[in-house]
Amino acid sequence: MKKKNNQVSVPFLLIFGGLVLLSIGLIFLALNAPTTNASQGGTLDIPFPQIARVSLADAKSAYDKNMAIFIDVRDSGSYAASHIANALNIPLTELEGRLAEIPRDRWIITYCT
C-alpha cells in the first residue's frame, strides 16, 4: 500500500502564491468600500491597500478545515484553465450582482491573477 503524500502540490502553491493578492476585502470593494489614493497619504504600490490580506498559511489552513469559501474573480477562461478546487467562479465585473450566491457562514477569500 502506498503512503499518501501530505505535501502541498506545486500548482496549488502557485495558485495561492500568485492569486491571494486580493483576498477578503474584494467583497467590501464590491459594496462600495472607500478607496485610498496617494493624495490621502495611502500607498499605490499594491492594489486596494485598504483591503486586508490573508497569508498563504492562513488561507491553506482555512481551506483544509473547510472554514472558507474561495471565490475566483477571474474570467471564466482563466478559471477553466486552473483554479482552486471547489472555488466559485464569479468574475469581478459580475461580483456585485451575484453576492446572493456567496455563502455567508464561512470566511470569504477572493483571489485573482
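All values derive from a computational prediction rather than experimental measurement.
- For S78, the side-chain hydrogen bond (donor to acceptor under 3.5 Å, both in side chains) test picks out D75, with sequence neighbours left out.
- Distance OG1/T110 to CZ/R74: 12.0 Å, rounded to 0.5 Å.
- With hydrogens and angles ignored, the 3.5 Å screen pairs no side-chain donor or acceptor of D72 with any backbone N or O of A87.
- The closest donor-acceptor contact from the side chain of Y79 to the backbone of L88 lies at 3.5 Å or more, if one exists at all.
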task: May I have the step-by-step check of side-chain contact (heavy atoms from CB on, under 4.5 Å) for I90 and E96, ending in yes or no?
output: CA-CA 10 Å; I90 304 177; E96 189 170 3; over 6 Å; no

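- Across every non-hydrogen atom of M67 and R106, the tightest pair is O-CB, 3.4 Å.
- Heavy-atom minimum distance, I109 versus A68: CD1-CB, 3.9 Å.
- Side-chain contact check for I102 versus I71: some heavy-atom pair is nearer than 4.5 Å.
- Considering all non-hydrogen atoms of both residues, C112 and V73 come closest at CB-CG2, 3.5 Å.
- Separation of atoms CG (L56) and OG (S61) is listed at 11.0 Å; rounding is to 0.5 Å.
- For the salt bridge (charged side-chain N to carboxylate O under 4.0 Å, His left out) test, residues two or more places apart in sequence or in another chain that qualify with R98 are E94, E101.
- With rounding to the nearest 0.5 Å, the separation of CZ in F70 from CH2 in W107 is 7.5 Å.
- Between Y111 and I84, the closest side-chain pair of non-hydrogen atoms falls below 4.5 Å.
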